[in-house]
Amino acid sequence: MKKCWLRSISFILLLGFIIGCSQQDSTPIDEDQTEQAAQTENEEEVVIIISQDHGAEVIAEKEISIEEGAILMDVMKENFEIEEADGFITSIEGVSQDADAGKYWLYEINGEMASVGANELELGAEDTVTFDLSSME
């Protein structure tokens, strides 16, 4: 009777061990991958074009990943060499506005002239922003 009882207990323990080992996830969770996946879900793409004379010369064009609610001025500072004065961009990628010639940096968002400054504009998914150094007409 003791042998039967011992075999039963041994069998149950062995079975429990096998089941316990088989239920473990063999793929370790990589925190960096999880973090990157979360960031990718929150990222959106925008296109920023820098040009002169109503698009006659393109200085730069970049497709940039942004987080939801990104402010245009911050995105510009992170991705281009800019100078600003009182919230207005005065130079992009080394090309400065020229008050004597009446040329200033103006920008459009999705083909429409912006109604707020770059430090106030919240970007959205698939926006296209065009900064153009041209004379004000």
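Values reported hereafter were calculated over all heavy atoms of this structure, with side chains retained and with hydrogens, waters and symmetry mates removed. Note that this is a predicted model, so its numbers are computed, not measured.
- When side chains are defined from C-beta on, I48 does not count as touching N79, because their heavy atoms never get closer than 4.5 Å.
- Among residue pairs with one or both ends in residues 85-106, those qualifying as salt bridge (Lys or Arg N to Asp or Glu O under 4.0 Å) are D53-K103; sequence neighbours excluded.
- Side-chain atoms of Q97 never come within 3.5 Å of backbone atoms of Y104 as a donor-acceptor pair (strictly under, hydrogens ignored).
- The nearest pair of heavy atoms linking S51 to D132 is OG-OD1, 2.5 Å.
- In this view, F80 satisfies the ring pair (Phe, Tyr, Trp, His ring centres under 6.0 Å) rule with no residue, not counting sequence neighbours.
- Partners of K77 under the salt bridge (Lys or Arg N to Asp or Glu O under 4.0 Å) rule, at least two apart in sequence or in another chain, are E84.
- Screening residues 117-127 for salt bridge (Lys or Arg N to Asp or Glu O under 4.0 Å), with sequence neighbours left out, gives no hits.
- Under the rule for a side-chain hydrogen bond (donor to acceptor under 3.5 Å, both in side chains), the partners of Q52 that lie at least two apart in sequence or sit in another chain are E57.
- For S65, the side-chain contact (heavy atoms from CB on, under 4.5 Å) partners are E43, E45, not counting sequence neighbours.
- In plain terms, the two heavy atoms of M76 and I50 that are nearest each other are CE-CD1, 3.9 Å.
- M73 and F131 fall within a single hydrophobic cluster, where Ile, Leu, Val, Met, Phe, Trp and Tyr side chains are chained together by heavy-atom contacts under 4.5 Å.
- Side chains of E78 and I66 form no contact here, defined as non-hydrogen atoms less than 4.5 Å apart.
- Put simply, V75 and I49 are part of two different groups of oily side chains (I, L, V, M, F, W, Y) that touch within less than 4.5 Å, one to the next.
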Quick one, L133 with V95, criterion side-chain contact (heavy atoms from CB on, under 4.5 Å). Give me CA distance, side-chain angles, the key distance, then yes/no.
CA-CA 9 Å; L133 180 66; V95 180; 3.6 Å; yes
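- Contacts of L121 classified as side-chain contact (heavy atoms from CB on, under 4.5 Å), with partners at least two apart in sequence or in another chain: L72, Y107, I109, V116, L123.
- Residues meeting the side-chain hydrogen bond (donor to acceptor under 3.5 Å, both in side chains) test with T130, sequence neighbours left out: none.
- The distance from the CH2 atom of W105 to the OG atom of S96 is 9.0 Å, given to the nearest 0.5 Å.
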